[in-house]
There are 2 protein chains.
Amino acid sequence: MVTIKDVAKHAGVAFKTVARVVNNDPTVKPENREKVLRSVEALGYRPNRAAQMTRRKKSGVIGFIADELLRIPYTFDLIRGAQEMAWKHNRELMVLNINEHKYSLEAAVDHLFQHRVEGIIYASMYHRQVSLPDSLTQIPTVLANCYTSCGRFATVVPDEELAGEQIVGAMLDKGYRRIAFLNLDERIIAAQGRKAGAIRAFEKRGESLQNLHIESVIVEQDGQLISRARLAACEVIKQFKPDAILCGQDPMAMEIYFVLQSLGLKVGEDIGIGSFDNWDLIPELLQPSLTTMALPHYEMGRWAFNYLLDERTDVVASKLPFRLISRGSL
Amino acid sequence: MVTIKDVAKHAGVAFKTVARVVNNDPTVKPENREKVLRSVEALGYRPNRAAQMTRRKKSGVIGFIADELLRIPYTFDLIRGAQEMAWKHNRELMVLNINEHKYSLEAAVDHLFQHRVEGIIYASMYHRQVSLPDSLTQIPTVLANCYTSCGRFATVVPDEELAGEQIVGAMLDKGYRRIAFLNLDERIIAAQGRKAGAIRAFEKRGESLQNLHIESVIVEQDGQLISRARLAACEVIKQFKPDAILCGQDPMAMEIYFVLQSLGLKVGEDIGIGSFDNWDLIPELLQPSLTTMALPHYEMGRWAFNYLLDERTDVVASKLPFRLISRGSL
DNA sequence: CTGAAAGCGCTTACAG
DNA sequence: CTGAAAGCGCTTACAG
């Protein structure tokens, strides 16, 4: 590979001058700069990042540990958000996927330490509590889409409660009066927050809570998710008679569309449907297309990166809002 | 940060001895090895990868360039496949997402060269032709899920034709006789191959091609994908009267399920449904669940990495088979 | 089995 | 504005 010395010889200057040009040091005679630039071009020189890192004693690398417990399409936006910031600020993002079988979290952290990362983003694929090794306290660390019980790390998570309030508020504002919320498992933090938000929306508007039915229809049993969404929808329609249904996630909404079609009910006309996630193609593919609360994964990725970039050390718990995407189902 | 010299002082040996222990050089007295290991543990020493790379003149890094034209959930398996191999062989995988707006391909390649990558995997998110800068010929490069017209690079792609033959063959073997294939845009290589495979399945079994209807129902117009899947399904059911429908992708199959339900037809009983992709949750969420051909993204990621690992230079065009996932719809 | 010297490709710190 | 020297934390090559 061509080095700084090769370029120097080719350009007829000292290798230090080449280093100056490559690092945009302004104190180089324009004439020499030109010469060097031409040689760089001619030889195809590119600085050796490993050597730079060694000498500078700064890696410029931020580690990103992603747990792969679930495979949810939009979660990749967390990585994307961080990566775009990294690119913009000329930093490296070193992404490591961990999962129980293949790599331990410890091994991932060790790996990142070997690369002398200047900060670590630990991101969970769904909003939940995690527990992390103590070694992470040695280095600036942010948690994205998750939190620890110890409370020693800065975190950024979706504002579940606000999301619940917003979507239910939007439904009420559209004139829907009787809302059935088919929620996720209430042991999940998301389900708790959204439930509280839904109730708050009713209370703020002085609506009677008699007109709000909340029920968990996806529950975890023995490590498996069991959905009784279709059955629950049938029952709730018959007994509670909602004029709108709020679904805990878009895939569930898809199932509800099937139920409604089988009952001869038209979404957006006979009954309104709202949901959470903005899950891949599903919202656009349904007819009518699905109004849903998009998770702020991209924004969380950015937030986490910027926290590290700004060299912050405050232990904040930042909550980012969802984005209401209005389509035809409400 | 603690260095090899700190450890040496702490252990009372020469720093070279520490290096030997860290690199598992067997020619170290067990006694000294113990001493060093204890000091490594006590001081929390971890080798500095940048310094190792600099001196070894080997980066151990493989670059992975991912085009993000589309956001298809399972495409992440391409990265996963490569990453797991990298981990296993103690290599680094440096993943760079490119997209038209943010980073140019050139910039990504330049970035990878700065890191002295020992090989590059260029992966496309859907099977298509790409064009790549000449600079990539300077370094071992494999294309995954894509190919160039120049034919200078090794490639690994899904075997579209075999997939078409397998799924249609499976349908025929189950006793379905009249099959409507609602294909993707035929300008897409996947659609071409699958069509040829479907025809071959009929021919191999001596079935009349009168009983195979193939039609493209998702087409690109002005850069936008237009799906007329629902309409086309209605028409084809009325006119061609198939006993099974093969869908070009799982999201389309979902739409067809809605159509069939509205027509009072039961999937798996009145009519069989097959599909391609194994797209995220969709196949499992449909009732009955969807039989589909899973794309070999994970396998392509592994294949590409192994090609580079084995230091191959042959310009092969490897085709990997899909996996038939049998569920309730056939 | 161990160690002192030289060197990887850069940057830092300093002299001119 | 330019350059020679020293050094980053390791590995290589060699001597003992």
Side-chain angles (χ1 to χ4, degrees), chain A residues 1-37 39-40 43-61 90-92 110-118, chain B residues 1-37 39-40 43-61 90-92 110-118:
Chain A
M1 263 296 177
V2 25
T3 73
I4 217 171
K5 289 184 182 171
D6 299 325
V7 178
K9 194 180 292 175
H10 188 271
V13 297
F15 72 91
K16 182 66 246 223
T17 301
V18 177
R20 285 204 175 87
V21 172
V22 170
N23 290 292
N24 291 315
D25 185 328
T27 71
V28 177
K29 225 196 305 179
E31 191 188 318
N32 280 338
R33 177 182 304 280
E34 274 311 310
K35 270 200 282 186
V36 169
L37 252 22
S39 298
V40 164
L43 301 178
Y45 169 75
R46 311 185 204 233
N48 183 322
R49 293 287 280 254
Q52 289 181 326
M53 288 177 183
T54 306
R55 188 60 250 256
R56 285 184 182 150
K57 308 197 69 174
K58 271 196 180 181
S59 67
V61 180
N90 202 25
R91 297 285 203 295
E92 204 69 47
D110 185 71
H111 191 98
L112 293 176
F113 274 125
Q114 290 193 15
H115 282 272
R116 303 296 187 260
V117 292
E118 290 163 10
Chain B
M1 264 296 176
V2 24
T3 73
I4 218 170
K5 288 183 183 172
D6 299 324
V7 177
K9 193 180 292 176
H10 188 272
V13 295
F15 73 89
K16 181 66 244 220
T17 302
V18 177
R20 285 202 175 88
V21 173
V22 170
N23 290 291
N24 292 314
D25 185 328
T27 70
V28 176
K29 225 197 305 179
E31 192 188 319
N32 280 338
R33 176 182 305 280
E34 272 312 310
K35 269 201 282 186
V36 169
L37 252 22
S39 298
V40 164
L43 302 178
Y45 169 75
R46 310 187 205 231
N48 182 323
R49 293 286 280 254
Q52 289 181 326
M53 288 177 183
T54 306
R55 188 61 249 258
R56 284 181 184 154
K57 309 196 69 175
K58 272 196 180 179
S59 67
V61 180
N90 204 26
R91 296 285 201 293
E92 204 69 47
D110 185 71
H111 191 98
L112 293 176
F113 274 125
Q114 290 192 15
H115 282 274
R116 303 294 187 264
V117 291
E118 290 163 10

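In what follows, chains carry the letters A, B, and so on, assigned in the order in which the sequence lines appear, proteins first and then strands, with residues in each chain numbered from 1. Quick caveat: nothing in here was measured; it's all calculated off a predicted structure.
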Going by side chain to side chain contact (heavy atoms under 4.5 Å, CB included), name the residues that satisfy it together with [X], two or more places apart in sequence or in a different chain.
X       : answer
B:Asn90 : none
B:Lys57 : none
A:Phe15 : A:Ile4, A:Lys5, A:Ala8

Sorted by number, the residues of residues 47-57 of chain A with heavy-atom contact under 4.0 Å to DNA chain D: A:Thr54, A:Arg55, A:Lys57
For [X], what residues pass the salt bridge (charged side-chain N to carboxylate O under 4.0 Å, His left out) criterion, not counting sequence neighbours?
X       : result
B:Asp6  : none
A:Glu92 : A:Arg49
A:Arg33 : none
B:Arg91 : none

Nearest-nucleotide comparison on DNA chain C, the residue closer to the 5′ end among A:Asn23 and B:Asn32: B:Asn32
Residues which pass ring-ring contact (aromatic ring centres under 6.0 Å, His included) with B:His115, listed by chain and number, not counting sequence neighbours: B:His111
Nearest heavy-atom neighbours spanning B:Val36 and B:Thr17: CG2-CG2, 4.4 Å
Closest contact, heavy atoms only, A:Val2 versus A:Gly44: CG1-O, 3.9 Å
Consecutive Watson-Crick or G-U pairs in runs of at least 3, all under 3.5 Å, in which DNA chain C is involved: C:1-3 with D:14-16, C:5-12 with D:5-12, C:14-16 with D:1-3
Members of residues 2-20 of chain B that approach DNA chain C, where some heavy atom sits under 4.0 Å away: B:Ala14, B:Lys16, B:Thr17, B:Arg20
Value rounded to 0.5 Å, distance of CD in A:Gln52 from OG in A:Ser59: 12.0 Å
Separation between CZ of A:Arg20 and OG1 of A:Thr27, rounded to the nearest 0.5 Å: 5.0 Å
First-last contacting nucleotides on DNA chain D - partner chain B, under 4.0 angstrom, heavy atom: D:dG9 to D:dT12
